[in-house]
Amino acid sequence: MSKTKYDRQLRIWGEIGQAALEEASICLLNCGPTGTEALKNLVLGGVGSITIVDGSKVEFGDLGNNFMVDERSVGQSKAKTTCAFLQELNDSVKAKFIEESPDALIMTNPSFFSQFTLVIATQLVEESTVKLDRICREADVMLVFVRSYGLTGFVRVSVKEHTIIDSKPDHFLDDLRLNNPWPELKSFVETIDLNVSDHVAHKHIPYVVILVKMADEWTKSHSGNLPSTREEKKEFKDLIKSKMISIDEDNYKEAVEAAFKVFAPRGISSEIQQICNDSCAEASSTSSDFWVMVAALKEFVSNEGDGEAPLEGSIPDMTSSTEHYINLQKIYLAKAEADFLVMEKRVKNILKKIGRDPNSISSPTIKSFCKNARKLKVCRYRMVEDEFSSPSVTEIQKCLADEDYSGAMGFYVLLRAVDKFTANYNKFPGQFDGGMDEDISRLKTTALSLLADLGCNGSVLPDDLINEMCRFGASELHVVAAFVGGIASQEVIKLVTKQFVPMLGTYIFNGIDHKSQLLTL
Amino acid sequence: MADLEAPQSKTRDLDKLLLRAGNLVGPDFYPGTELRDDMRDYVRILVVGAGGLGCELLKDLALSGFRNLDVIDMDRIEVTNLNRQFLFRLEDVGKPKAEVAAKRVMERVSGVEIVPHFSRIEDKELEFYNDFNIIALGLDSIEARRYINGVACGFLEYDEDDTPRRETIKPMVDGGTEGFKGHARVIVPGVTPCFECTIWLFPPQVKFPLCTLAETPRNAAHCIEYAHLIKWPEVHGGKSFDPDVPEHMKWVYDEAIKRAELFGIPGVTYSLTQGVVKNIIPAIASTNAIISAACALETLKIVSGCSKTLANYLTYNGGEGLHTKVTEFVRDQDCLVCGPGILIELDTSITLQKFIDMLEEHPKLLLSKASVKHGKDSLYMQAPPVLEEMHRPNLSKPLYDLMGRVQKDTVHVFGTALKNEEKQSSLTKLRVVFKGADGVTDMDTAIGA
């Protein structure tokens, strides 16, 4: 029954992804709407456990922005109340709460955080943010910061290293090797005669066969080279068209459209090359499974692969007779299997060499690695304090000057400035109704001084934006909390399932015109 | 003497935006308690759909200062909804979505009134939709969006100088999601493009060629659609296939397996069968939450003026990193749904025949062989011959009379237009205004009646 409930999401991340979610333990700091909205999406998705840390009581004003509290809970522990309402959403999730201030916990009990898979830290000011970042980095616990402030806010992932095998990109070229066919594919193609007299058979020859033959014909008459200039590419396409015997031959039309796959460069992409050249690709006893497999990949590419990664193995649909298609599929599957077996051997050898059990990385894992070898991703995040002390000045200046994104960049600076303001004046600018003009002026000074500290002398922030920031008065609007909380929950899912690619940087939300920006500083 | 503490406001956070003046605000923003209280007491919002987006929208709007909401949805709750439609529980399966959603939000947020409508959107009177200040859409089909768009834009009236009349503008916010992708848009009829203006944004649905299904299947989906679209009608004749009947789905699955085995094709599973036949779109809570929040935020801003608004289309993709983009689409001036239509001024004496002749000469139209429609009534049809003969007597009558002697109204004309030296079929909306149609004439009509 529970599996039917998750049907719509299983179609995205599969049973393996779901299992990873169900094993995860998430800690939430502060259960205002930003935190509860982020957590709500994870509870619905079936995360293993949640622990809410918040020392405050439910206030009357919370009834206007938080769905996980109600009238009867005013005066009671906010952590207790929100925990109970979140539990209602999914009884498979283990929900706990701790009545304590997150700032105090960060100060007095850093080891508390080691037990979690991931911490979602909401509405923390800069000082606690930096401290928590150090604690989680040290304990190797994933961290997602979220803040919602008037019509702005941000989401920031902080993890030392996040490696992804199953990155599931939206668009990725299939692995047909039309520019580099292997012997078995060539032999198969040879068994099919393009000049078959039967018209039906003629138009049901799959384009893979057509293109391998045409490429072969071409290279034989061009000193072993594939088409490279614009002229040659056009000529090649004309060559294909010349083999058509009628205008309704979809297979030939597909061949012309797919001709670019013949011109594509051989071998692995520069991104994969970079991963193979990474220092972590030198396997040692402390290497993660990912890097052990990368080490094997590196060896494979230099040896059996002859410059190529293991074959992915699947082919896209194409006009073809069923028989040809099935046979073609088998050829590709056989090569993918053969490449996998080579990789598996290399992985086992490397494991032995570094003193690990050669069976400690399972075959399904290695198989998945092989299938996704061209799509691997490595994400590394700067520590927050490094970003704060030495951000990319050129990036800041560029964004502040950009017509569309100066708002988001301005908000990034102002979000830091309001925390500095609070450290000096014990309140957020505009938090109370009186003294607005004074707060505006003080915030401006604080923000400009911050920009100067960062090395951005001469950069300005629009006065209108500074005014708005004071107007916001550190308010936590439900819709903004739901938006950034939603983004945060999505990043958590990607980090926990290790599928898809998490955001690299800080996402600054601009709720005025929605021209939000992902900043990598 | 006791200190008088300022009474706490339930809308403590919203107050900062609604009670305080600002610079980056809407054109008619009057901050203050009156704005806040008017929004709470008088503004009515309709949420269309009580599913993944609708549940989120109701919560978001209830916590954005709105107290008078309606929600309409014709569906009942299913188990597969529960991973994201958070207002529903296991024991609610089978109940109407609109009713349960309304009840749950009202239980949690005291003071909000939500009227549920367990019905199809087409079954409501047009005037029902006119009662709302703004309509928020949480729909999952193009047809439903087109319908509501047509209704909302139908209320729009234009002045003589082609400016939309403010009080007839019915804004909409529309959201859509699929997996990690989504969009949120603002539609202000007459100002921003309407749904119809940008219909080209939606790619046509992928359909497999019949010969592939019938003769050369290659993958599991082909086998499934063969069983669904070819074998079922063959065996079951007139009985239509219902994907919600388990026996029907099982039958298709079994047939798909047989076909797959026949051709040696792997991969047919029950889950895939359901997915292909029902065109199941993967869905998760987070994307729905994000898109709904964007829609609700725009609703808050449009109604209150407390900030500038989205102009006018936001796309979101959270699978590969994170990408949001704002595009400002432009109205199609000739849009048949939200446009004013080309203005034609006529004498009350002009016959229908003369009118049709004029269309051919009109520089903006150059429309030949025109058929003319006034609302639901066909005034003249060029084809088929039977109907042409039936309507022929109208040609000699004054158009003014045929249109019920109103001073001005909309007609649609259909014919062959010369565009860029090419002949094309063309359907155009015209605003017909009759000169010399005054009170005297009206009185005559009244006396005559």
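On a predicted model such as this, the values are computed, not experimentally measured, just so you know. Letters go in sequence order (proteins before strands), and every chain restarts at 1.
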Going by the angle between their ring planes, with limits at 30° and 60°, are A/His514 and A/Phe483 parallel, tilted or perpendicular? tilted
For chain A, the option from [options] that forms the most heavy-atom pairs under 4.5 Å:
{"options": "B/Cys211, B/Ser292, B/Gly275", "result": "B/Gly275"}
{"options": "B/Lys308, B/Lys10, B/Arg218", "result": "B/Arg218"}
{"options": "B/Val25, B/Asn317, B/Thr324", "result": "B/Thr324"}

Close side-chain approach of A/Thr36 and A/Asn66, heavy atoms under 4.5 Å: yes
Heavy-atom pair count under 4.5 Å with chain B, highest-scoring of [options]:
{"options": "A/Gly430, A/Gly505, A/Ala474", "answer": "A/Gly430"}
{"options": "A/Glu323, A/His324, A/Glu59, A/Lys40", "answer": "A/Lys40"}
{"options": "A/Gly511, A/Ser489, A/Gly46, A/Gly150", "answer": "A/Gly511"}
{"options": "A/Gly473, A/Gly486, A/Ser320, A/Gly45", "answer": "A/Ser320"}

Tell me, side chain or backbone of [X] under 4.5 Å from chain A's heavy atoms, or both, or neither?
{"X": "B/Gln85", "value": "neither"}
{"X": "B/Ile280", "value": "side chain"}
{"X": "B/Phe180", "value": "both"}
{"X": "B/Ile290", "value": "both"}
{"X": "B/Arg89", "value": "side chain"}
{"X": "B/Lys325", "value": "neither"}
{"X": "B/Ser64", "value": "side chain"}
{"X": "B/Ala21", "value": "backbone"}
{"X": "B/His323", "value": "neither"}
{"X": "B/Leu87", "value": "side chain"}
{"X": "B/Ser110", "value": "side chain"}

Could you check whether B/Phe208 and B/His222 have their ring centres less than 6.0 Å apart? yes
Donor-acceptor pair, B/Arg84 side chain versus B/Thr80 backbone, under 3.5 Å? yes
A cation-pi test, strictly: NZ or CZ of B/Arg259 under 6.0 Å from the centre of the six-membered ring of B/Tyr226 and no more than 45 degrees from its axis. Yes or no? yes
Find out whether the Lys NZ or Arg CZ of B/Arg108 is both under 6.0 angstrom from the six-membered ring centre of A/Phe85 and within 45° of the ring's axis. yes
Before accepting this row, confirm whether a basic side-chain N of the pair A/Asp166/A/Lys375 lies closer than 4.0 Å to the acidic partner's carboxylate O. no
